[in-house]
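A quick write-up on the structure given underneath.
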Amino acid sequence: MSRIVKAASAQMGPIPKSQSRKQAVSRLVAMMREAKGRGAELVVFPELAFTTFFPRWMIEDEAELESYYETEMPGPETAPLFEESKKLGVGFYVSYAELVNEGGRRRRFNTSIIVDRNGEIVGKYRKVHLPGHSEPQPGRVHQHLEKRYFEPGNLGFGVWRAFGGVMGMCICNDRRWPETYRVMGLQGVEMIMLGYNTPFDHTGHADIDGLTSFHNHLSMQAGAYQNSTWVIGTAKCGKEEGSSMVGQSVIVAPSGEIVAMAATLEDEVITANCDLDIGKRYRQTIFDFARHREPEAYRLIVERKGAIAPPEN
Ligand code: CDT
C-alpha cells in the first residue's frame, strides 16, 4: 500500500520593505487556501516568509533590526496562518527570524517550523549554515549579512513523525551541503522541506553566479536521490528591493527527478502527490545504508583524515 502525502510548494514573489507582516501573512493564507483546493494537506513556504529579506542591508538601528524578528510563534500577526491551518486541516513549513531569551541572553536565529494539520507546531529547526558575512563588503550592491544577524543553529538536524511519514527540514544555504541531507537520511527521513532566498549575485563571481539556477536544483536533486527522500524547496523570488532572486521552486522525488516546478517569479502554488514508499524502494536497494556503508571502511576513511595536507587556499 502506498503512502501518499499531497504536498504543495507555495512560492512567494518579492515582499517589499513597505509590506506589513499582516499583508505577507494574508498572501500565505491565500496560497494555503489554493493548495487546499487542489487537495494538499501540507504546504511548504519560503525562508523568512513574513518580511523582506533584511540581511541584504546593514541595519544599525537596533529597533529597526528587531522589527524583523518574531518574539513568539504564533504571534498576533502570524496567528491567522495557524488558524487557517487548523480550519482547513492543512499543515505547513515556514521560516522566520527568531528573537529569544535563552541562557540569560538575547539570541537571534534563522528558524523554521513544521506545523501539523491541527495548527500545532510539531518541529523546530535553526539554520546551521549561515552564508555571507558579518561585516558589510565594500563594493557590493547588496550585502548578505546573515552572519551578523543570526547565530548558527543549535538544534541539529532533527526528524519528526508527521503527515504519515518521517519529516525533516532545513533552510536555504543548508541545501547545498551533503551532510544536511545525510544526517536526516541516517534518521530515516522521507520528506525534507526547505525555503530559500537566493540572489543571482550571491557569490559576486559571474562564472559561479551564472549557474545559480543549475546549482539550486543540483543540490536538492542530489540530496533527494542520495538519501532516498522527497525534497520540497520553495523560493522567495523575483526582484525584491532591487535584488533579483531565483525562483524555480520544486518538488523532487527520491529518484532525484523534479515532479513539479514553479514557472513564474511570483506567488505560485505547485502540488504533487508524494508517495513516501518510493523512498523506501531506494532505501532498500541502491541506498541501503545498513548493507552498503561498511563500518570498517568508514573507520579507515575517518582515520585517514588529515593524512594528506589540505591544499592551501
Ligand atoms: N538565504 C541564503 O542562505 N542564501 C544563500 C545565498 C547567499 S550567499 C551570500 C543560498 O545558499 O542560497
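The analysis underlying the following values was restricted to heavy atoms, covering all of them including side chains, and did not include hydrogens, waters or symmetry mates.
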Results of side chain to side chain donor-acceptor pair (under 3.5 Å) for Arg283 - residues two or more places apart only: Glu190
Using only heavy-atom distances, determine whether the side chains of Asn110 and Arg126 contain a donor-acceptor pair under 3.5 Å. no
Are Asn118 and Lys86 close enough, and set up right, to give a side-chain hydrogen bond (donor to acceptor under 3.5 Å, both in side chains), and what steps lead you there? CA-CA 4 Å; Asn118 297 314; Lys86 189 171 176 183; over 6 Å; no
Out of curiosity, Lys87 NZ to Glu84 CD, how far, rounded to the nearest 0.5 Å? 4.5 Å
Evaluate the side-chain proximity of Asp288 to Tyr282: yes if any heavy-atom separation is below 4.5 Å, no if none is. no
Side chain to side chain, Cys274 and Ile251, heavy atoms closer than 4.5 Å: yes
Only residue of Glu66, Glu98, Glu146, Glu70 satisfying salt bridge (charged side-chain N to carboxylate O under 4.0 Å, His left out) with Arg108 is Glu66
Which heavy atom of Ala224 sits nearest a heavy atom of Ala253, and at what distance? CB-O, 3.6 Å
If two hydrophobic side chains count as joined below 4.5 Å and joins carry through other members, does Val128 share a cluster with Phe150? no
Does CD1 in Ile286 sit with more than 12 non-hydrogen atoms of other residues, nucleotides or ligands closer than 6.0 Å? no
Taking only residues two or more places apart in sequence, or in another chain, which ones meet Gln137 in a side-chain contact (heavy atoms from CB on, under 4.5 Å)? His133, Arg140, Gln143
Nearest 0.5 Å, please: how far is OH in Tyr149 from CG in Leu48? 12.5 Å
Given a cutoff of under 4.5 Å between side-chain heavy atoms of I, L, V, M, F, W and Y, with clusters grown through shared members, what are the other residues clustered with Phe45? Met12, Ile15, Val25, Leu28, Val29, Met31, Met32, Val43, Phe50, Met73, Leu81, Phe82, Leu88, Val90, Phe92, Val94, Tyr96, Ile113, Val115, Ile121, Val269
Taking the side chain as every heavy atom from C-beta outward, state whether Ser249 and Met261 have any pair of such atoms under 4.5 Å apart. no
Once salt bridge (Lys or Arg N to Asp or Glu O under 4.0 Å) is applied, do any residues pair with Arg182, and if so which ones, sequence neighbours excluded? none
Over all atoms of both residues, closest heavy-atom pair of Gly247 and Cys237: CA-CB, 3.5 Å
Does the ring center of Phe53 lie less than 6.0 Å from the ring center of His144? yes
Would Lys147 and Glu135 pass as an ion pair if we require N to O under 4.0 Å? no
Using the salt bridge (Lys or Arg N to Asp or Glu O under 4.0 Å) criterion, which residues pair with Asp267? Sequence neighbours excluded. Arg27
For the hydrophobic clusters of this structure (ILVMFWY residues joined by side-chain heavy atoms under 4.5 Å, transitively), does one cluster hold both Ile258 and Leu211? no
Please tell me if the side chains of Ile171 and Ser112 come closer than 4.5 Å, counting only heavy atoms from C-beta onward. yes
Hydrophobic cluster (4.5 angstrom, side-chain heavy atoms) - remaining members for Val100: Phe109
For residues Val5 and Leu276, determine if any side-chain heavy atom of one lies less than 4.5 Å from a side-chain heavy atom of the other. yes
If the condition is side chain to side chain donor-acceptor pair (under 3.5 Å), which residues does Gln221 pass it with, not counting sequence neighbours? none
Looking only at the side chains, is there a donor atom on one of Thr234 and Ser9 sitting less than 3.5 Å from an acceptor on the other? yes
Enumerate the residue pairs fulfilling side chain to side chain donor-acceptor pair (under 3.5 Å) with a member in residues 165-181, sequence neighbours excluded, ordered by first and then second residue. Tyr125-Asp174, His129-Asp174, Asn173-Trp177, Arg175-Thr198, Arg175-Asn216
Between Glu241 and Ser243, a side-chain donor and acceptor under 3.5 Å: no
All salt bridge (Lys or Arg N to Asp or Glu O under 4.0 Å) counterparts of Arg107, not counting sequence neighbours: Glu102, Glu151
Taking Leu186 as the starting point, is it possible to reach Met169 by hopping between hydrophobic residues whose side chains are less than 4.5 Å apart? yes
Of all heavy-atom pairs linking Val122 and Ala162, the shortest is CG2-CB, 4.4 Å
Same hydrophobic cluster for Leu130 and Val183, using side-chain heavy-atom links shorter than 4.5 Å among ILVMFWY? no
Is Leu155 isolated, or which residues cluster with it under the ILVMFWY side-chain rule of less than 4.5 Å, directly or via members? none
dist Arg117:CZ -> Leu42:CG (nearest 0.5 Å) comes out at 9.0 Å
More than 12 non-hydrogen atoms from neighbouring residues, nucleotides or ligands closer than 6.0 Å to NZ on Lys6, yes or no? no
Contact check, side chains of Thr52 and Glu240, non-hydrogen atoms, under 4.5 Å: yes
Pairs flagged by ring-ring contact (aromatic ring centres under 6.0 Å, His included) wherever residues 194-250 is involved - sequence neighbours left out: Tyr225-Phe287
Think Lys124 forms a cation-pi with Trp160, using NZ or CZ under 6.0 Å from the six-ring centre and within 45 degrees of its axis? no
What is the minimum heavy-atom distance between Asp61 and Glu64, and which atoms define it? OD1-N, 2.7 Å
Test salt bridge (Lys or Arg N to Asp or Glu O under 4.0 Å) applied to Glu294 - qualifying residues, sequence neighbours left out: none
Atom CZ of Arg293 with >12 non-hydrogen neighbours under 6.0 angstrom: yes
Measure the OG-CG distance between Ser85 and Asp116 for me, rounded to the nearest 0.5 Å. 7.0 Å
Rounded distance [0.5 Å steps], CD in Gln11 versus OG1 in Thr264: 5.0 Å
Would you give the length of the straight line joining atom CZ of Arg281 to atom OG of Ser228, rounded to the nearest 0.5 angstrom? 11.5 Å
Any side-chain heavy atom of Arg106 within less than 4.5 Å of one from Leu99? yes
According to a hydrophobic-cluster definition based on side-chain heavy atoms being under 4.5 Å apart (Ile, Leu, Val, Met, Phe, Trp, Tyr only), do Phe289 and Met184 belong together? yes
